[in-house]
Amino acid sequence: MSLTQGLHRAMQTAGGRIATRYQGRDRTWAEVGHRVACLAGGLRSLGVERGDRVAILSLNSDYYVEYFYAVAWAGAACNPVNIRLAPAEIAYTLNDSGCKVLFIDKTFSALIPELRKLSPGVAHYIYMGDSDAPQGTTGYEALIAQSEPIEDAETTHSELAGLFYTGGTTGKSKGVMLTHGNLVHNAMNVIAAMGYDRDVVYLHAGPMFHLADMASTFAVTMVAATHCAVPRFDVEQVLQVIQGARVTHTLLVPTMVNLLVSSGRIPEYDLKSLRRMLYGASPMPEALLRKALSALPDVGFIQGYGQTEASPLITFLSAEDHRAGGELLRSAGMPGYGVDVRILDEKDRPVPRGAVGEICARGANVMLGYWGLESQTAETLRNGWLHTGDMGFMDHDGYVYIVDRAKDMVITGGENVFSIEVEGAIYQHPAVQECAVIGIPDERWGEAVHAIVVPKPGMVVSGDEIIAHCRSLIAAYKVPRSVVLRSEPMPLSGAGKVLKTELRNPYWKDMTRNVG
């Protein structure tokens, strides 16, 4: 089954209903379907063939929904680019994936000259803006207007639907290969978990390049509901749209939940329409969760735990479980429907209930593998199980609890930051002897990037210098928010590896919810 089946169903069953609503621009499912078919025809006219990769670098909008379906309709594969990456990092994903076409909006159009130099393989830039298209680009609306609609390519469930880049242990992003079947299976799971039906009005407040939000993109289309969007998260704008569009469902990462409930603005708006709020993508401190439950008592909160490699949902904690409170609020919930979850030891053997091991999953939602990385794919999918790298346990009722992260990843504000990449930047400073990067608790971001640095003998460096140095090399969200200078060597294991658990312990010892 292809992603486009959901669009066909929406056109068949709800052609006259509102499909997308954005800044006063409403379109029905019949209109969106026609535009998608024309946009797919435009991609074909630009030389896009079945299996080619087509990227997007854009803030949220109704165009983003059309992009996903036009790429699938043309038989190509999407590559949604993280908008927080530095130009060199953006170029890496474009080059690694071999993208032929890049959709880009006004916010990022100033990067086009630099991207042309860094990514010569991108032959066409499609400008998603209301103003005139910059020289050398093709206007989005013009391409739709001048193109004839084409027949759906009708891709199969096993064909590549997209490459979704995530961090890697080598410091380079890995392209996660997800098929149409992966994303369709996940969307059906999300429909069940979130209670989606065609009366839903879903607000894209989280970034649409992120699979946490994207899961609902495909699910909302499948039930022929309505997509609303704000360009990026802003407390007042989100509250205004929820009230004005009578939004029923949305997803926010914990950072956004914190900004919303601490703003003091909630009582000023009529939010009676809001029925469900999904949260995930980074740790949710229990105190913040309880504050959110109190601030929005009529909203059913649902936690989703997963990762890109799982399309992304692995477990979910239902609204009913949130209302039950108690220990369940520390849980990541039960396995998703059609997702097999096991807690395995280092030899991939199941551990007893309540014992800690690695959280592993299998099912139709699990990726094909990493683009061009056979050995890393084999390691991650060994013995038929997706190894998440997260450590946890399952209680006797089937609830999963996450206690630690095996991989050296920091999740800050919903973004994945891999320590080795940040360490690589820090090590480029001439005064650094040793360094280690860990995640520490942060009320606003869930986790914050924290660096421990041992200067070279006889050399002096400050934390501010390290931060400024990193800012010139990596994306802003990866830059350490704090730095501690250490005079003694790092604690090492018998194998000579830095004992990051020992470095983390002082920061996490009093925390009850280490990972979300």
Side-chain angles (χ1 to χ4, degrees), residues 1-15 17 19-20 22 27-56 58 61-81 97-104 123-126 128 138-164 177-188 204 208-209 214-225 227 311:
M1 187 178 290
S2 166
L3 284 173
T4 56
Q5 185 277 335
L7 178 56
H8 284 293
R9 182 185 182 280
M11 294 163 63
Q12 290 169 345
T13 64
R17 293 172 67 95
T20 60
Y22 180 73
R27 292 196 173 97
T28 66
W29 280 114
E31 291 170 327
V32 168
H34 178 71
R35 286 168 60 83
V36 162
C38 290
L39 186 54
L43 289 174
R44 288 280 182 84
S45 73
L46 296 177
V48 173
E49 299 177 355
R50 196 179 191 111
D52 285 346
R53 277 74 61 201
V54 178
I56 184 171
S58 170
S61 76
D62 51 346
Y63 288 165
Y64 221 122
V65 176
E66 295 176 349
Y67 155 82
F68 280 128
Y69 286 97
V71 171
W73 197 283
C78 66
N79 175 11
V81 179
S97 63
C99 278
K100 285 186 174 181
V101 176
L102 174 64
F103 285 75
I104 191 165
H124 300 282
Y125 289 77
I126 298 176
M128 305 162 65
T138 301
Y140 183 90
E141 290 292 348
L143 184 62
I144 291 175
Q146 70 192 24
S147 302
E148 291 295 322
I150 63 171
E151 293 295 320
D152 184 0
E154 295 186 346
T155 46
T156 65
H157 73 281
S158 60
E159 288 185 69
L160 183 68
L163 292 178
F164 305 88
M177 297 187 290
L178 298 181
T179 66
H180 285 264
N182 291 154
L183 295 173
V184 168
H185 179 85
N186 186 79
M188 289 181 171
H204 296 273
M208 293 180 74
F209 71 79
M214 204 182 307
S216 286
T217 299
F218 304 130
V220 168
T221 298
M222 289 178 75
V223 298
H227 297 271
S311 302

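Any value given below was found using the heavy atoms of this structure, including those in side chains, with hydrogens, waters and symmetry copies removed.
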_Looking at Y67 and V54, would you say the former's side chain and the latter's main chain have a donor-acceptor pair under 3.5 Å?_
yes
- Close side-chain approach of F164 to L178, heavy-atom, < 4.5 Å: yes
Rounded to the nearest 0.5 angstrom, the SG-CZ distance for C78 and F103 is 11.0 Å
Between E159 and T156 (side chain of the first, backbone of the second, donor and acceptor by atom type, cut-off under 3.5 Å), is there such a pair?
yes
With no hydrogens and no angle check, is any side-chain donor or acceptor of R53 less than 3.5 Å from a backbone partner on S97?
yes
For A153 and A74, the nearest pair of non-hydrogen atoms, with its separation, is CB-C, 3.9 Å
Closest non-hydrogen atoms of N186 and A215, given as atom of the first, atom of the second and distance, are ND2-CB, 3.2 Å
In terms of heavy-atom contacts, A161 and L183 come closest through CB-CD1, 3.8 Å
>> Between F68 and Y64, is the ring centroid distance below 6.0 Å?
In response: yes
side-chain contact (heavy atoms from CB on, under 4.5 Å) between V184 and Q5, worked out
CA-CA 9 Å; V184 168; Q5 185 277 335; 6.0 Å; no
Given the options T20, T221, T217, H227 meets side chain to side chain donor-acceptor pair (under 3.5 Å) only with T221
D52 meets the salt bridge (charged side-chain N to carboxylate O under 4.0 Å, His left out) criterion, sequence neighbours left out, with K100
Rounded to the nearest 0.5 Å, the OG atom of S147 sits from the CG atom of L46 at a distance of 7.5 Å
In the structure I gave you, are the side-chain heavy atoms of L102 and I126 within less than 4.5 Å of one another anywhere?
no
Review point. Are any of the side-chain heavy atoms of M128 and I56 separated by less than 4.5 Å?
Key: yes
How far apart are the C-alpha atoms of M222 and R9, what are their side-chain angles, what is the distance that settles it, and do they pass the side-chain contact (heavy atoms from CB on, under 4.5 Å) test?
CA-CA 7 Å; M222 289 178 75; R9 182 185 182 280; 5.9 Å; no
To the nearest 0.5 Å, atom SG of C99 lies from atom CG of L163 at 7.5 Å
Smallest heavy-atom separation, T4 atom then A72 atom, equals CG2-CB, 3.8 Å
(Q) Show, in sequence, the C-alpha distance, side-chain angles and deciding distance for T155 and R50, and conclude whether the side-chain contact (heavy atoms from CB on, under 4.5 Å) test is met. (A) CA-CA 9 Å; T155 46; R50 196 179 191 111; 3.7 Å; yes
- [ ] Indicate yes or no: at least one non-hydrogen side-chain atom of E141 is less than 4.5 angstrom from one of R35.
- [x] yes
d(S61 OG, H204 NE2) to nearest 0.5 Å is 10.0 Å
_For a 4.5 angstrom cut-off between non-hydrogen side-chain atoms, does P80 reach M214?_
yes
### Query
Are V65 and V36 close enough, and set up right, to give a side-chain contact (heavy atoms from CB on, under 4.5 Å), and what steps lead you there?
CA-CA 9 Å; V65 176; V36 162; over 6 Å; no
Worksheet item: Between W29 and H34, does the ring centre distance come in under 6.0 Å?
Response: no
In terms of heavy-atom contacts, L143 and G42 come closest through CD1-CA, 3.7 Å
Hey, are R44 and E49 close enough for a salt bridge, meaning a charged N less than 4.0 Å from a carboxylate O? no
Any heavy-atom pair between the side chains of F218 and L7 that's under 4.5 Å?
no
Tightest non-hydrogen contact, residues A224 and T13, listed as CB-OG1, 4.2 Å
Subject >> Check: S2 main-chain N/O paired with H157 side-chain donor or acceptor under 3.5 Å >> reply: no
Verify, without hydrogens or angle tests, whether T179 (side chain) and N182 (backbone) share a donor-acceptor contact under 3.5 angstrom.
yes
Rounding to 0.5 Å, atoms SG (C38) and CD (Q146) come to a distance of 10.5 Å
